[in-house]
Amino acid sequence: RGCRSPSKFGVAARSLRGLLRKGCGILRVPLPGSRLCLYEDGTELTESYFGVLPPHTELVLLGPGESWRGCASDMERLLDAFCSQGPAVAAAARSLLADERAPQRQKLLEELIRTLGENSAAEERQHDQGWFQGLEPRFKNKSSYMRYSCECRIRGYMKEVSGFMPKVHPTARDAYKRIMELMADKLKSVKYNGCYFDRREEAATARLCTAEGWFSCQGPFDSPDCPCKHSINPYGNRESRILFSTWNLDHV
């Protein structure tokens, strides 16, 4: 097979040179500068290595300037297809799911369909009615609700801080109250940092998400980032919006 097509061809040869010549003829690749490698890991073939390969070994024919990193290259092509041909991939997945019986494969297909069915690009209520299900009519677009959601969350944090007052030692209570009031005044002055969740916020440093609405876990307090690469886009669908309300961006 070539590195840019999933189509496979059966070719037999007594030598690497003979196989390369036949492969170039079938795939219409120029012979000068071409080479063969293993599909699974990209190892390039030599004449001596070719002699010990088992029958039916899957090979990739590389033209001049082409490279193959094994199965990872197929995964890259697959991810590119998801990003550029989402509706077509979702339709194919639904077709496969109709006849699929293995629970694990069913789960993968269902998750794939759900992900590809997200409408994160839509912003206004009329363009994604399902996303706004259960929300008050006053919210006309996703970003305005997400800004409100962030303000509510931070107000909730301040309420917890205030509720802790009775547990503070009497000798420190006045100082604690002054600090709490100072924090509250600063938060009010910046509208409780609602910009954190608003993807329309022009200043990238003022929001915690990308312009598309993706949030990434920032990792534990003692690590520079999250090794698990958790991410979520609450702008995608109603389920993600609800799930995001339980998300702690500090990984705890």
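Sequence positions, counted from 1, serve as the residue numbers for this chain. This structure is a prediction, so every number in the text was calculated from the model and none was measured. Reckoned from all heavy atoms, side chains included, excluding hydrogens, waters and symmetry mates.
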Quiz item: Ion pair present between Arg4 and Glu66, side-chain N to carboxylate O less than 4.0 angstrom?
Solution: yes

Quiz prompt | Minimal non-hydrogen separation, Ala98 against Arg101, with atom names | solution = O-NH1, 3.8 Å

Quiz item: Are Asn141 and Ser143 close enough that a side-chain donor and a side-chain acceptor fall under 3.5 Å?
Solution: no

Practice problem: Using the six-membered ring wherever Trp is involved, compare the ring planes of Tyr145 and Trp131 and label them parallel, tilted or perpendicular (cut-offs 30° and 60°). | Solution: perpendicular

Exercise. Please examine the side chains of Tyr49 and Leu16, heavy atoms only from C-beta on, and report whether any two atoms are closer than 4.5 Å.
Key: no

Quiz item: How long is the gap from CG on Asn233 to CZ on Phe215, to the nearest 0.5 Å?
Solution: 8.0 Å

Exercise. Please report the shortest heavy-atom distance between Pro30 and Cys24, naming the atom on each side.
Key: O-SG, 4.0 Å

Practice problem: Kindly write out the residues that satisfy side-chain contact (heavy atoms from CB on, under 4.5 Å) with Glu40, not counting sequence neighbours, or none if the list is empty. | Solution: Leu38

Quiz item: Ion pair present between Lys142 and Glu123, side-chain N to carboxylate O less than 4.0 angstrom?
Solution: no

Quiz item: Can Met165 be reached from Leu187 by stepping across I, L, V, M, F, W or Y side chains whose heavy atoms are under 4.5 Å apart?
Solution: yes

Self-check item: CD on Glu201 to CG on Leu208, rounded to 0.5 Å
Solution: 11.0 Å

Quiz prompt | Connected via hydrophobic side-chain network under 4.5 Å: Leu243 and Phe132 | solution = yes

Quiz prompt | Check: Arg69 main-chain N/O paired with Ser73 side-chain donor or acceptor under 3.5 Å | solution = yes

Quiz item: Do the numbers put Arg138 on top of the ring of Tyr148, so that NZ or CZ is under 6.0 Å from the six-membered ring centre and no more than 45° off the axis?
Solution: yes

Quiz item: Hey, is the main chain of Asp225 close enough, under 3.5 Å, to the side chain of Ser223 for a donor-acceptor pair?
Solution: no

Quiz item: Linking I/L/V/M/F/W/Y whenever any side-chain heavy atoms sit under 4.5 Å apart, do Leu45 and Leu27 land together?
Solution: yes

Exercise. Provide the full list of salt bridge (Lys or Arg N to Asp or Glu O under 4.0 Å) pairs with a residue in residues 108-121, sequence neighbours left out, each pair given once.
Key: Lys107-Glu111, Glu111-Arg114

Quiz prompt | Stepwise side-chain contact (heavy atoms from CB on, under 4.5 Å) check, Ser120 with Glu212 | solution = CA-CA 7 Å; Ser120 58; Glu212 294 79 24; 5.7 Å; no

Quiz item: Can any side-chain N or O of Ser5 pair as donor or acceptor with the backbone N or O of Gly2 at less than 3.5 Å?
Solution: no

Quiz item: Cys195 versus Arg147: any side-chain heavy-atom pair under 4.5 Å?
Solution: yes

Quiz item: Rounded to the nearest 0.5 Å, how far does CD1 of Ile232 lie from CD of Glu239?
Solution: 11.0 Å

Quiz item: Hey, do the aromatic rings of Phe244 and Phe197 have their centres closer than 6.0 Å?
Solution: yes

Exercise. Kindly indicate whether the side chain of Ile154, heavy atoms from C-beta on, has any atom under 4.5 Å from the side chain of Tyr196.
Key: yes

Practice problem: Heavy atoms only: give me the nearest Leu62-Cys37 pair and the separation to one decimal. | Solution: CD1-SG, 3.9 Å

Exercise. Give the minimum heavy-atom separation between Gly236 and Asp128, together with the two atoms involved.
Key: O-OD2, 4.1 Å

Quiz item: Within the distance-only criterion (no hydrogens, no angle test), does the side chain of Arg173 pair as donor or acceptor with the backbone N or O of Val168 below 3.5 angstrom?
Solution: yes

Quiz item: Which is it for Asn119 and Asn237 under the side-chain contact (heavy atoms from CB on, under 4.5 Å) test, yes or no, and what are the steps along the way?
Solution: CA-CA 6 Å; Asn119 191 12; Asn237 54 44; over 6 Å; no

Quiz item: What is the distance from atom NZ of Lys140 to atom CZ of Arg125, rounded to the nearest 0.5 Å?
Solution: 6.5 Å

Quiz item: Do Arg17 and Glu47 meet the salt-bridge criterion of a basic N to acidic O distance under 4.0 Å?
Solution: no

Quiz item: Atom OG in Ser144, atom CZ in Phe139: separation rounded to 0.5 Å?
Solution: 6.5 Å

Quiz item: Above 12 or not: heavy atoms from other molecules or residues under 6.0 Å from CD of Gln104?
Solution: no

Quiz prompt | Crowding at CD, Glu202 (>12 non-hydrogen neighbours, <6.0 Å) | solution = no

Self-check item: Side-chain touch Leu20/Ser34, heavy atoms, less than 4.5 angstrom
Solution: yes

Quiz item: Should Tyr192 and Arg153 count as side-chain neighbours, where that means a heavy-atom distance under 4.5 Å?
Solution: no

Practice problem: Test salt bridge (charged side-chain N to carboxylate O under 4.0 Å, His left out) on Lys191 and Glu151 and set out the steps. | Solution: CA-CA 7 Å; Lys191 298 181 179 179; Glu151 292 177 10; over 6 Å; no

Quiz prompt | Flag side-chain contact, heavy atom, 4.5 Å: Leu59 against Leu19 | solution = yes

Quiz item: What's the shortest heavy-atom distance between Arg200 and Asp198, and which atoms?
Solution: N-OD1, 2.9 Å

Quiz item: Linking I/L/V/M/F/W/Y whenever their side-chain heavy atoms sit closer than 4.5 Å, directly or via other members, would Tyr39 and Phe9 fall into one cluster?
Solution: no

Practice problem: For side-chain contact (heavy atoms from CB on, under 4.5 Å), just list the numbers for Met180 and Ser162, CA-CA rounded to whole Å, side-chain angles, deciding distance to a tenth of an Å, and then say yes or no. | Solution: CA-CA 7 Å; Met180 185 185 68; Ser162 177; 3.7 Å; yes

Quiz item: Would you find a donor on one side and an acceptor on the other, under 3.5 Å apart, between the side chain of Arg21 and the backbone of Leu31?
Solution: no

Self-check item: CD on Gln133 to CZ on Arg238, rounded to 0.5 Å
Solution: 4.5 Å

Quiz prompt | Side chains of Trp247 and Cys217 in contact at under 4.5 Å (non-hydrogen atoms) | solution = yes

Quiz item: Are the aromatic rings of Tyr235 and Trp214 close, with centres under 6.0 Å apart?
Solution: no

Quiz item: Can you find a heavy atom in the side chain of Met158 that is under 4.5 Å from one in the side chain of Arg155?
Solution: no

Exercise. Apply the test side-chain contact (heavy atoms from CB on, under 4.5 Å) to residues Glu44 and Leu36: give CA-CA distance (whole Å), side-chain angles for both, the deciding distance (0.1 Å), then the verdict.
Key: CA-CA 6 Å; Glu44 291 195 18; Leu36 287 162; over 6 Å; no

Quiz item: So, for Pro234 and Gly213, which heavy atoms are closest and what is the spacing to 0.1 Å?
Solution: CD-O, 3.5 Å

Quiz item: Going hydrophobic residue to hydrophobic residue with side-chain gaps under 4.5 angstrom, can you get from Val11 over to Leu61?
Solution: yes

Self-check item: Whether Phe164 and Tyr176 hold their rings parallel, tilted or perpendicular, with breakpoints at 30° and 60°
Solution: tilted

